There are 2 protein chains.
Amino acid sequence: MFDNLILYLQSKFTITDEEIEIVKQVCRLKKLRKRQYLLQEGDVWRYNAFISKGLVRTFRVDEKGQEHIIQFSSENWWTGDRQSYITDSPARYNIEALEDTEVILIPKGDFEGLYRSIPNFSDFMHLLMERTFIASQNRIHAGISYSAEEKYHDFLKTHPTLVNRVPQHMIASFLGLSPETLSRVRTKK
Amino acid sequence: MFDNLILYLQSKFTITDEEIEIVKQVCRLKKLRKRQYLLQEGDVWRYNAFISKGLVRTFRVDEKGQEHIIQFSSENWWTGDRQSYITDSPARYNIEALEDTEVILIPKGDFEGLYRSIPNFSDFMHLLMERTFIASQNRIHAGISYSAEEKYHDFLKTHPTLVNRVPQHMIASFLGLSPETLSRVRTKK
DNA sequence: AAAAACTCTTGACATTTATCAAGACAAATA
DNA sequence: TATTTGTCTTGATAAATGTCAAGAGTTTTT
């Protein structure tokens, strides 16, 4: 039931069988069908969520009704709204399944408990946070430095597996381009 | 000598006098004159750096010689190249003082020592990392969603103190706009 | 199987933003 | 003080990207 998470943890750091039991104790599985929402703008996000199967998008809708995707999360990635999680404020993002998806939810309090009882887990998650931050800095750099074409090629490099799973207009939204511009960038060469 | 850092730490979490001594032990003060570099692309960054006075910019230069500023850091903020720090790889960023600046450097090994000996410090820095990540997500959102004008107004909101300290063309670089466009955005209205 | 919804492309055109060049100040330096 | 350097603005023009509209395939739903 939580096998994918266990395998993930074992691959990332040393964890004992007892510790695995502690983790399992606080996990809850949630199944989402394609197009179902994991989080809706306005709700408070109180979990850490591990995608064990499938794919979700995190996005916002502006006043003009335009969607802006700030993240895709597929198997073996974490998702959620950090702002809402940290400050207990209403989420500004929506999270929606792009495929049938399985998510393992760990409530905030339990998650903090894991940090205390499993130091290796805490260390790893902090390192992961660092890496995630570095990735987001790279994305900022791409955003302010690259042309439409360069942004797309950068996306191919950094998210090679997503290109065939995500509709093109969503990649455009993720990159801050119109779908038409992305289409033209792709066909031309 | 390290007063500003001490005051900062005391304002952020509970820290004992003994712990402050431990911190002082590993601090090194570095003074930079305006236009001096704290880090040059290609060097490995091995510190955590606290700005106790002044202002620096973190930027990259592309093949066309164009500079792209990904961060400003002023008093009571940390700076450095996380990628280089975490992976011991050559830095891809330059860090340059925009004013006469004082930086407190703590070498990587010592910094990890502080994490072990001062749990409150570790907890706080992890929380700070979370907040920094949230800020960078907000910036990504602005980058893919906003027009030039909206980007500038967002900058005014998120960095109100910098507008009068940083040359306008550097704000443009930070926002991914040409200096001329930013100038026009500002005068119009 | 038919209908509906979604996805991508393409063309014509509009808008935004960048580029190039010049000039006016202001600040830093000799 | 004179000179140089840096900063910002403005205009003319070019280039990049967005918008609107249509159509052709796909996939999903009924």
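Residue numbers begin at 1 in each chain, while the letters A, B, ... track the order of the sequences. Given the structure is predicted, the values throughout are model-derived calculations rather than measurements.
- Contact footprint of chain B on DNA chain D: nucleotides with an atom under 4.0 Å from a non-hydrogen protein atom, first to last in 5' to 3' order, D:dG6 to D:dA12.
- Using a 4.0 Å cut-off between charged side-chain N and carboxylate O, B:E67 and B:R57 make a salt bridge.
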Exercise for the section: Scan nucleotides 11-16 of chain C nucleotide by nucleotide, 5' to 3', and note B when protein non-hydrogen atoms come under 4.0 Å of the base, S if they reach only the sugar-phosphate, - if neither. Expected result: BB----
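- Over its full length, the helix from C:dA1-D:dT30 to C:dA30-D:dT1 turns its helical axis through 50°, comparing axes from the five pairs at each end and rounding to 10°.
- Residue pairs meeting the side chain to side chain donor-acceptor pair (under 3.5 Å) criterion with at least one partner in residues 30-52 of chain B, sequence neighbours excluded, are B:N48-B:Y85.
- Of the possible donor and acceptor atoms, one in the side chain of B:S173 sits under 3.5 Å from a partner among the backbone N and O of B:I69.
- In this structure, A:R139 forms a cation-pi arrangement with A:F174, its terminal cationic atom sitting closer than 6.0 Å to the ring centre and no more than 45° off the ring axis.
- Mapping A:P179 and B:T181 onto DNA chain C by nearest heavy atom places A:P179 closer to the 5' end of the strand.
- Only B:P167, B:Q168, B:H169, listed by number, bring a heavy atom of residues 156-169 of chain B to less than 4.0 angstrom from any atom of DNA chain D.
- Classification of B:R28 and B:E102 as a salt-bridged pair fails, no side-chain N sitting under 4.0 Å from a carboxylate O.
- The stretch residues 136-144 of chain A has no heavy atom under 4.0 angstrom from DNA chain C at all.
- For CH2 of B:W77, the number of neighbouring non-hydrogen atoms (other residues, nucleotides, ligands) closer than 6.0 Å is 12 at most.
- Listed pair A:T187 / C:dT9 fails the phosphate criterion, with no side-chain N or O lying under 4.0 Å from OP1 or OP2.
- Between B:L182 and B:R35, the residue anchored nearer the 5' end of DNA chain C, judged by the nucleotide with its closest heavy atom, is B:L182.
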